[in-house]
Amino acid sequence: MGMDPAEIRRYLRARRLGARIDCLAETDSTNSDAARAGRAGAPEGTVVIADSQRRGRGRLGRSWASPPGVNLYCSVLLRPRLPAEESALLPLVAGIAVAEAVDGSTESRAGLKWPNDVVVGGRKIAGILCEMEVDGGAHFVVVGMGVNLNGDRESFPPEIRPLATSALLETGRPVERARFAADLLSALDARYEGFLHDGFSALLPAWSERDVLRGCRVSVRVGEEVVEGVATGITERGRLRVESTSGAREIVAGDVTVLGGYRASAGRE
Ligand code: BTN
């Protein structure tokens, strides 16, 4: 049984998101469903949530384990009237919103690992996959969010167990999924609104205060190249700054490995 859209609406505080909420029991990927809806002309703010996914997708061609009934798998269709380059910042905008919703259910301060992992106590609790499609002169973006809520350690594939956590593992208490979905969509609605009005530079402080990489030694895979150095924050264009032995670098897209662990307080405040 899928979640109940009426239950989500009961708690939802949003202007743009949630006019249409589809809750499915099972699907291949909510991102694929939302993109299909986008191609068919569905309005901005259409939401697709599934209880489980057969082919949940992560970044960089990875899969996203999606066991039934315990977590949130949610995709939101956005139609920002912005240059595509600006819309490319939406994963960072969504990261702030997911972290804010996670705060409420874990009684912690969730951290952000560039570009868009949400971490608590140094372990990943949520991931974001944004996919953009050009549609005539305009484009739409599907913001896909996977949040580990009520899974125990065994709910994760063995290889990611040491790196992952859930709200239940953090607090010992289960999270009401419909309530969490409403909190997440409300937070995303507010952050998206701010982004449209004031741009990402206005959101940069909110992102930076959760940045768990700042001051860490990192190794970043950028295509075939590996950049090693100290992460020093992100720019107004959403790029990761790394001080490497060969000088300062600004990285547009890449996969970050933290060398020697996060700073002690990262994602715990
Ligand atoms: C990542 O960290 O690699 C991103 C994971 C994104 C997973 C979510 S779950 C809902 C939506 N549907 C998908 O197939 N992927 C995203």
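Order of appearance sets the numbers: ligands from 1, and atoms from 1 within every ligand. A quick note: this is a predicted structure, and the numbers were derived from the prediction, not measured.
Those atoms of ligand 1 with a heavy atom of S29 less than 4.0 angstrom away are 12 (N), 13 (C), 14 (O). Near G56, the atoms of ligand 1 lying under 4.0 angstrom from a non-hydrogen atom of the residue are 14 (O). When each atom of ligand 1 is checked for a heavy atom of G58 under 4.0 Å away, the hits are 1 (C), 3 (O), 4 (C), 5 (C). Atoms of ligand 1 lying under 4.0 Å from at least one heavy atom of C74, given by number and element, are 10 (C).
Evaluated by nearest non-hydrogen atom to atom 6 (C) of ligand 1, the leading choice among R57, M145, R54 is R57.
Checking each of L112, I96, D103 against V118 for a side chain to side chain contact (heavy atoms under 4.5 Å, CB included) leaves exactly one that passes, namely L112.
Among protein heavy atoms, the minimum distance from atom 2 (O) of ligand 1 is reached at K124 NZ, 2.6 Å. The nearest heavy-atom contact from the protein to atom 10 (C) of ligand 1 is T30 OG1, 3.2 Å. Of all protein heavy atoms, the one closest to atom 3 (O) of ligand 1 is R59 N, 2.7 Å. Closest protein heavy atom to atom 8 (C) of ligand 1: G146 N, 3.6 Å. Considering only non-hydrogen protein atoms, atom 9 (S) of ligand 1 sits nearest to Q53 NE2, 3.4 Å. If you check which protein heavy atom lies closest to atom 5 (C) of ligand 1, you get W64 CE3, 3.4 Å.
By the neighbour-count criterion of 12 heavy atoms within 6.0 Å, atom CD of E85 is sparsely surrounded, having that number or fewer from other residues, nucleotides or ligands. Atom CZ of R161 is surrounded by more than 12 heavy atoms from other residues, nucleotides or ligands within 6.0 Å. Within a 6.0 Å radius of CZ in R55, other residues, nucleotides and ligands contribute 12 heavy atoms or fewer.
At distances below 3.5 Å, not a single donor-acceptor pair connects side-chain atoms of R241 with backbone N or O atoms of G233.
At a heavy-atom cutoff of 4.0 Å, ligand 1 is contacted by the side chain of S75 but not by its backbone. Contact annotation for I128 and ligand 1: only backbone heavy atoms (N, CA, C, O) come within less than 4.0 Å of the ligand.
Salt bridge status for D211 with K113: absent, with no side-chain N to carboxylate O gap under 4.0 Å. Note on R221 versus D255: no salt bridge recorded, every NZ/NE/NH1/NH2 to OD/OE distance being 4.0 Å or above.
Hydrophobic clustering, with ILVMFWY side chains joined whenever heavy atoms are under 4.5 angstrom apart, groups V256 together with V119.
Side-chain contact between R81 and E86 is absent, with no heavy-atom pair separated by less than 4.5 Å.
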